[in-house]
There are 2 protein chains.
Amino acid sequence: MTYKVQQKLIDDSNKNKELYLPSVSIDCTVFGFSEGILKVLLIRLKQAKQWGLPGGYLKKEEDLHTAAQRILRDRTGAGEIFLNHFNTYGAPYRSQGFFKDYPDDLWNKQRFISIAYYALIDFSTLTPTPGEYTKSAEWIDLHELPELMMDHGQILEDALIQLRRDLNYKPIGLNLLPPKFTMPELQKLYETLLDKKLNRGNFYRKMMRYGILTKLNETRKGGAHKAPDLYSFNQEVYEKTLKEGLQESW
Amino acid sequence: MTYKVQQKLIDDSNKNKELYLPSVSIDCTVFGFSEGILKVLLIRLKQAKQWGLPGGYLKKEEDLHTAAQRILRDRTGAGEIFLNHFNTYGAPYRSQGFFKDYPDDLWNKQRFISIAYYALIDFSTLTPTPGEYTKSAEWIDLHELPELMMDHGQILEDALIQLRRDLNYKPIGLNLLPPKFTMPELQKLYETLLDKKLNRGNFYRKMMRYGILTKLNETRKGGAHKAPDLYSFNQEVYEKTLKEGLQESW
DNA sequence: TTTCTATTGTTTCAAAATGAATCAATAGAA
DNA sequence: TTCTATTGATTCATTTTGAAACAATAGAAA
């Protein structure tokens with residue numbers, strides 16, 4: 001490691017110690033959907049070979065959600081995003097492998113308990129731009145995942161499981177469709193997130209029964225074949241459903 | 001505050017700083033069920049007026065789940081308990097009110113991000129005993145909750161919501177019944193956790209369909225009226241169901 | 001302009017699940 | 001021996017689901 005790199009590390013380390021709460025980090029799994037393709041936002045830190053989830057630290061007086069938003073914004077330029085906390089990762093030596101070539105007194109090398117969030121956005125509206133510490137920031141297709149640093153592979157896997165489970169409880173994902181959308185578009189979203197084909201008629205019927213959609217007097221012309229109807233959310237019912245959930249079972 | 005109390009505080013503070021990771025704490029919401037009554041394990045710290053959830057800190061090289069287990073054991077004497085992480089609480093000044101009369105350099109007064117777990121056990125098998133820092137540790141009926149310290153009221157409320165939701169996914173709670181149990185006992189458990197009456201015939205039918213129960217060739221004699229059949233879990237199917245969940249919906 | 005075709009909107013019908021009620025069996029109490 | 005409350009299990013109507021069908025239609029092809 002050159003002297004210059006070494007010095008930058010020490011400077012950053014001191015700055016971090018000043019600014020951030022020790023022991024706590026935040027990792028965000030940002031899923032991106034567009035036209036039937038599901039991607040995830042990954043970054044590569046400078047000097048790192050492996051990809052990882054965008055993450056960061058918590059400022060000493062900062063709220064957790066605010067921090068998660070800020071970290072995402074720094075990495076991606078994304079604005080207000082609906083973030084869901086789903087798990088916490090704190091195995092004692094989870095970062096040991098990653099930092100093995102770094103000095104032990106590096107602030108970043110201490111043990112961190114990482115609070116994990118996931119989010120879902122439209123990747124076509126966002127071109128990731130690498131930030132100060134990252135050499136790459138890209139949307140990676142979920143079917144072409146590289147090996148990830150530390151326990152980020154596990155975090156990503158868990159996030160996807162949680163996202164799929166949440167689909168049963170919340171009209172999640174609707175917030176990444178445009179204001180007006182068609183039933184096939186909505187179905188495609190569900191199929192992509194679940195990685196599973198759904199029956200068209202049954203999907204239509206079930207969605208309509210939830211009552212969260214308002215059918216507009218417009219169709220999406222332009223494509224070949226029959227023009228599909230356009231829908232928007234019934235914002236009122238949508239909010240209510242977000243709180244109460246789609247189904248109960250017991 | 002007397003000199004002696006003050007000195008103890010400082011000693012503990014130094015000991016804590018030595019032993020534990022900064023910024024991270026753990027809170028456990030332990031629900032206790034027995035004979036149709038649902039309670040929660042609450043403690044009162046020495047010098048504290050309000051009740052709170054049993055919580056503690058994470059040792060510098062300790063695993064999160066191990067720490068949660070240890071904290072629970074210290075407070076309750078409980079052995080191996082199935083703990084579920086459900087949320088994290090980290091509002092910047094969440095403990096400010098509680099510690100307002102304490103010196104600012106007290107280790108415990110720093111900002112903590114609390115990792116929250118819930119557990120479910122049979123309260124009749126466990127008599128809580130106050131530990132070193134607690135003057136009381138008791139099972140409190142869920143319908144007679146006192147006001148709790150800090151954000152513990154919120155944590156408890158969230159834990160119950162999560163527990164109820166998990167009932168749809170996991171045969172949770174079964175682990176707090178004795179090895180042999182009756183269908184009415186199982187139903188009572190569900191009714192208590194959900195705070196809702198369930199139809200007897202339908203509950204029976206649904207439970208049987210899951211296939212997680214094995215009917216034994218025994219009945220529970222002794223009570224008045226017809227003796228109910230005894231069941232045990234089909235351990236194999238139980239494990240599988242824990243992984244895959246009871247229902248999918250999509 | 002007419003015909004064709006793939007896609008969409010909606011319905012149908014059988015199968016499965018659910019809700020509510022019923023009936024037979026039975027352990028202990030009267 | 002009879003009575004009674006509870007349990008095990010089933011019935012039946014209703015609702016939901018799964019799978020398929022049919023009608024409508026925008027643009028492509030002829």
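A note on names: the letters A, B, ... follow the listed sequences, proteins ahead of strands, and every chain is numbered from 1.
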query: Roughly how many Å is it from CG in A:L216 to P in C:dG9, rounded to a whole number?
result: 12 Å

field: Rounded distance (Å) that lies between atom P of D:dT10 and atom CE of B:M183
entry: 13 Å

message: Tell me whether the rings of A:H65 and A:Y117 are parallel (<30°), tilted (30 to 60°) or perpendicular (>60°).
response: perpendicular

- prompt: Which comes earlier along DNA chain D counting from the 5' end, the contact point of B:R205 or that of B:L230, where each point is its nearest nucleotide?
  reply: B:L230

Separation of C:dT10 P from A:L213 CG (nearest whole Å): 12 Å

query: Nearest-Å distance, CG (B:N202) to P (D:dA13)?
result: 16 Å

Gap between atoms CE and C1', on B:M208 and D:dT7 respectively (whole Å): 13 Å

- prompt: CG of A:D27 to CG of A:L53: how many Å apart, nearest 0.5 Å?
  reply: 5.5 Å

- request: Return the value, rounded to whole Å, for the distance between atom CG of B:N199 and atom P of C:dT22.
  value: 12 Å

query: When you measure from the side chain of B:Y204, which nucleotide among D:dA9, C:dG9, D:dT11 comes out closest?
result: D:dA9

message: Nearest to the B:Y231 side chain among C:dT8, C:dA20, D:dA9, which nucleotide is it?
response: D:dA9

- prompt: Under 4.0 Å: is that the gap between some side-chain N or O of A:R209 and OP1 or OP2 of D:dT17?
  reply: yes

- request: Between B:K206 and B:G201, name the one whose nearest nucleotide on DNA chain C is closer to the 5' end.
  value: B:K206

statement: Picking from C:dG9, C:dA20, C:dT12, the nucleotide nearest the side-chain atoms of A:P228 would be C:dG9

- line: Atom CE of B:M207 and atom C1' of C:dT18 are separated, to the nearest Å, by 15 Å

query: So, do A:Y190 and A:F33 have ring centers that fall under 6.0 Å from each other?
result: no

query: Does A:K180 NZ have over 12 foreign heavy atoms under 6.0 Å away?
result: no

Pairwise distance CD1(A:I161) to CG(A:D166) - rounded to 0.5 angstrom: 12.0 Å

field: Nearest-Å distance for atom pair CG/P, residues A:D229 and C:dT10
entry: 6 Å

query: B:P184 side chain: which of D:dT7, D:dA9, C:dG19 is closest?
result: D:dT7

query: Should we say atom NZ of A:K240 is surrounded by more than 12 heavy atoms from elsewhere, each under 6.0 Å from it?
result: no

message: Under a 3.5 Å cut-off for both contacts, is C:dG19 paired Watson-Crick or G-U wobble with anything, and if yes, with which nucleotide?
response: D:dC12

statement: Nucleotide by nucleotide, nucleotides 23-30 of chain C touches protein heavy atoms under 4.0 Å in the pattern (B base, S sugar-phosphate only, - none) --BBBS--

query: In Å and rounded to the nearest 0.5 Å, what is the OG to CD1 distance from A:S114 to A:I26?
result: 7.5 Å

